[in-house]
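Worksheet for the structure shown next.
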Amino acid sequence: MSEVLPANNFIRQIVIDDLASGKHRTISTRFPPEPNGYLHIGHAKSICLNFGLAAEFAGRCNLRFDDTNPSKEDIEYVEAIKADVRWLGFEWAELRHASDYFETFYLCAQQLIRDGHAYVCDLNAEEVRAYRGTLTEPGRNSPYRERTVEENLDLFARMRAGDFADGACTLRAKIDMASGNINLRDPAIYRVRKVSHQNTGDAWCIYPMYDYAHGLSDAIEGVTHSLCTLEFEDHRPLYDWYLARINLAAHPELTAPVLSQGLSAPVSTPRQIEFSRLNFDYTVMSKRKLLALVNDGLVAGWDDPRMPTLIGIRRRGYTAAAIREMARRVGVTKQESVIEFSVLENCVREDLDALAERRMAVIDPIRLVIDNLPEGHVETLTAANHPKDESRGQRALPFARELWIEREDFMEAPVKGFHRLVPGGEVRLRFVGIVKCVDIVRNADGSIQELRGHLDLDSRSGMPGADRKVKGTIHWVAATHAIAAEVRLYDRLFTVADPDDEHEGKTYRDYLNPDSVRIVTARLEASLARAEAEQRFQFERLGYFVADRIDHRADRPVFNRICTLRDSKK
RNA sequence: UGGGAGAUCGUCCAACGGUAGGACAACGGACUCUGACUCCGUUUAUCUAGGUUCGAAUCCUAGUCUCCCAGCCA
């Protein structure tokens, strides 16, 4: 696989310029997921960007859990996210949580109050909405906006102490209720939530909002380039507003609680830069819909091989290298885009073509008996494990008088352009030689019971006659030696390119592909008995397959189809 | 006249005042003991209208279209 010649993009160019101008000596980024769900392929772009930039320019990239809303978060997700990032091939400089900074956030809020930049507001959620105005009309000031500093300090302390019920009041930034940017209309800084937190337990009953916590967390960690998706573009003025008012660098006492936990706080003034999120056709990417697919049993779980989650894609058999290459190919811009799934698929095929050893397997078997071999004839062939890489060695391949071939590779009444086996016609048996179909044995109902073939002994592999040209080559397994295996044939989860399209009252559920998985019992060549979970192979002419990382066992093999081979037959 | 952002092949991404190029897709061909891989070739694009300029995807003006924002979510 073409190894990481970094593709330039506007963010990388900013980094290069900042380093060249001396604005930064080193750079620092972060990947900041909220632990409220599993990571999906869309996150892979952000992970590759943040960790990739840090790696390329010898900077640092933290994994930071943006855990400011305990009611949605769970430790299960933080563990899964860590595993996914590592699987993708990245290691964080430090693991942090926004919740590591809760005490600092509290101190900063007190400072904002003292400086007249924040106030405790007793409006309830509905009232706040009414006061906020609309997209085209300005909002109105809260009646609590002019409380004194002393009163606000006292009230805020009582919020922390648990004196107020959930929703009874908030701490709000005093900015501008008439701003065209709604984020600046006195946004909430803290809300009361009497729930325990995945990381801090019951230490707090007030929790900071994203806009407030995110920029401060970036600054505390010394992040230089804070990369996020487009929808945060109009939050940037607020991001900058908090940083400017609080000015962590000028107030070391504010970060003291971080230091006292043994964590460093190399305060910076981070710059937020937005890029467009990654979307793919034929799938959904919203956490809500993914969660619904899982909860409603429409898929087998977060790691269902049809899911666009990283854990699902991994189980499907995609490689981390392929995902990294995909991220490189799609680039980074501010244009909203939907990537064709073929881009990812091409990356997988390219990686696996080089990586995966070849094997033979028959998915829909029909019996072929070689009539000019003696009854009970068995021999052992050797076959290359990889057609382009001799160092991958060879394997023993049992060959016998009775074979399974692919039902699809025989046509009694061939359509034009059919290159495989037909009555009276010849085809090459991979690694064996040329066989002619001499008879069709039928059941009472006229259906085909088995095929009879005649092997041209002069055309056996290695013989001079093997050079004889025939139009097609088909795969096979020895019926006597084949092992049975469950093979799961996956296809796209949705039947339409844009399942999010809700025209004509449809929803993504109406577009679920009823044939997104087909489970068959296949016959595998004997050497596959030694396959290990997560090992990938090319089943010749069929596609790439992986031994399922959960269900595969030596005595009960289970393979997932990763993707088919490209197919140029018409 | 609410605020913010974006418009280049079918899809993504380049071109940073000087030959519109690459990847994926599609199509055609060569090769082939995988109809794979590989190789060769072909088709298709600068949102519109003006302007500046020897020269505009790029600069200016005016439009058009698309996306995001009215959580005590992130």
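It should be emphasised that the depicted structure is a prediction, and the values quoted were computed from it without experimental measurement. Below, read A as the first sequence line, B as the second, and so on, with proteins coming before strands; counting in each chain starts at 1.
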**Request:** Please work out if A:R420 contacts a base, only the sugar-phosphate, or nothing of the nucleic acid, heavy-atom cut-off 4.0 Å.
**Result:** base
**Prompt:** How about A:Q394: does its CD atom have over 12 heavy atoms from other parts shown lying under 6.0 Å from it?
**Reply:** yes
**Message:** Roughly how many Å apart are B:C65 and B:U48, using the C1' atom of each and rounding to a whole number?
**Reply:** 10 Å
**Asked** Among all residues two or more places apart in sequence or in another chain, which pass the salt bridge (charged side-chain N to carboxylate O under 4.0 Å, His left out) test with A:D218?
**Response** A:R30, A:R64
**Fill in**
Taken to the nearest whole Å, CG/A:L238 to P/B:G4 is 16 Å
**Item:** For A:H386, ring-ring contact (aromatic ring centres under 6.0 Å, His included) partners two or more places apart
**Value:** none
**Contacts of A:R523 that satisfy side-chain hydrogen bond (donor to acceptor under 3.5 Å, both in side chains) - sequence neighbours left out** = none
**Asked** For atom P, what is the distance between B:A45 and B:G4, given to the nearest Å?
**Response** 35 Å
**Fill in**
Per-nt protein contacts along nucleotides 67-72 of chain B (heavy atom under 4.0 Å; B base, S backbone sugar-phosphate only, - none) come out as BBBBSB
**Request:** Using both pair distances under 3.5 Å as the test, note the stems of at least 3 consecutive Watson-Crick or G-U pairs that include RNA chain B.
**Result:** B:2-7 with B:64-69, B:10-13 with B:21-24, B:26-30 with B:38-42, B:47-51 with B:59-63
**Message:** Please classify the nucleic acid contact of A:G417 as base, sugar-phosphate, or nothing, using heavy-atom distances under 4.0 Å.
**Reply:** base
**Fill in**
Result for salt bridge (Lys or Arg N to Asp or Glu O under 4.0 Å) between A:E426 and one of A:K471, A:R468, A:K436, A:K469 points to A:R468
**Request:** Just compare B:A36, B:C73, B:U32 and give me whichever is closest to any side-chain atom of A:R358.
**Result:** B:A36
**Prompt:** With sequence neighbours left out, what residues match A:H225 under ring-ring contact (aromatic ring centres under 6.0 Å, His included)?
**Reply:** A:H24
**Side-chain heavy-atom pair A:S527, A:R359 within 4.5 angstrom cut-off** = yes
**Item:** Counterpart residues, ring-ring contact (aromatic ring centres under 6.0 Å, His included), relative to A:F399 (two or more places apart)
**Value:** A:W476
**Request:** Choose from B:G35, B:U34, B:U8 the nucleotide whose nearest atom is closest to any side-chain atom of A:Q335.
**Result:** B:U8
Each nucleotide N or O in nucleotides 20-26 of chain B that has a protein N or O under 3.5 Å away: list the pair and distance.
from, atom 1, to, atom 2, distance (Å)
B:C24, O2', A:S342, OG, 2.8

**Request:** Would you say whether A:H419 stacks on B:G35? The test is a distance between ring centres of less than 5.5 Å and an angle between planes of less than 30°.
**Result:** yes
**Asked** Can you name the side-chain hydrogen bond (donor to acceptor under 3.5 Å, both in side chains) partners of A:T283, sequence neighbours left out?
**Response** none
**Distance between P atoms of B:U46 and B:C9 (Å, rounded)** = 7 Å
**Asked** What pairs with A:Y207 under ring-ring contact (aromatic ring centres under 6.0 Å, His included), at least two apart in sequence or on another chain?
**Response** A:F102, A:H197
**Message:** Looking only at the side chain of A:T333 (C-beta and beyond, no hydrogens), which of the listed nucleotides B:U32, B:G35, B:C13 gets closest?
**Reply:** B:C13
**Complete:** In short, ring pair (Phe, Tyr, Trp, His ring centres under 6.0 Å) pairs touching residues 341-366 of chain A with sequence neighbours left out are A:F280-A:F341
**Distance, rounded to the nearest Å, where A:D218 contributes CG and B:A74 contributes C1'** = 13 Å
**Prompt:** Does B:G71 sit syn or anti, given that only angles within 90° of 0 count as syn?
**Reply:** syn
**Message:** For the P atoms, the ones on B:U11 and on B:C73, what distance do you get once it is rounded to whole angstrom?
**Reply:** 38 Å
**Request:** Go through the structure and list residues passing side-chain hydrogen bond (donor to acceptor under 3.5 Å, both in side chains) with A:D500, not counting sequence neighbours.
**Result:** A:K289
**Message:** Taking the nucleotide of RNA chain B with the nearest heavy atom to each, does A:H386 or A:K45 sit closer to the 5' end?
**Reply:** A:K45
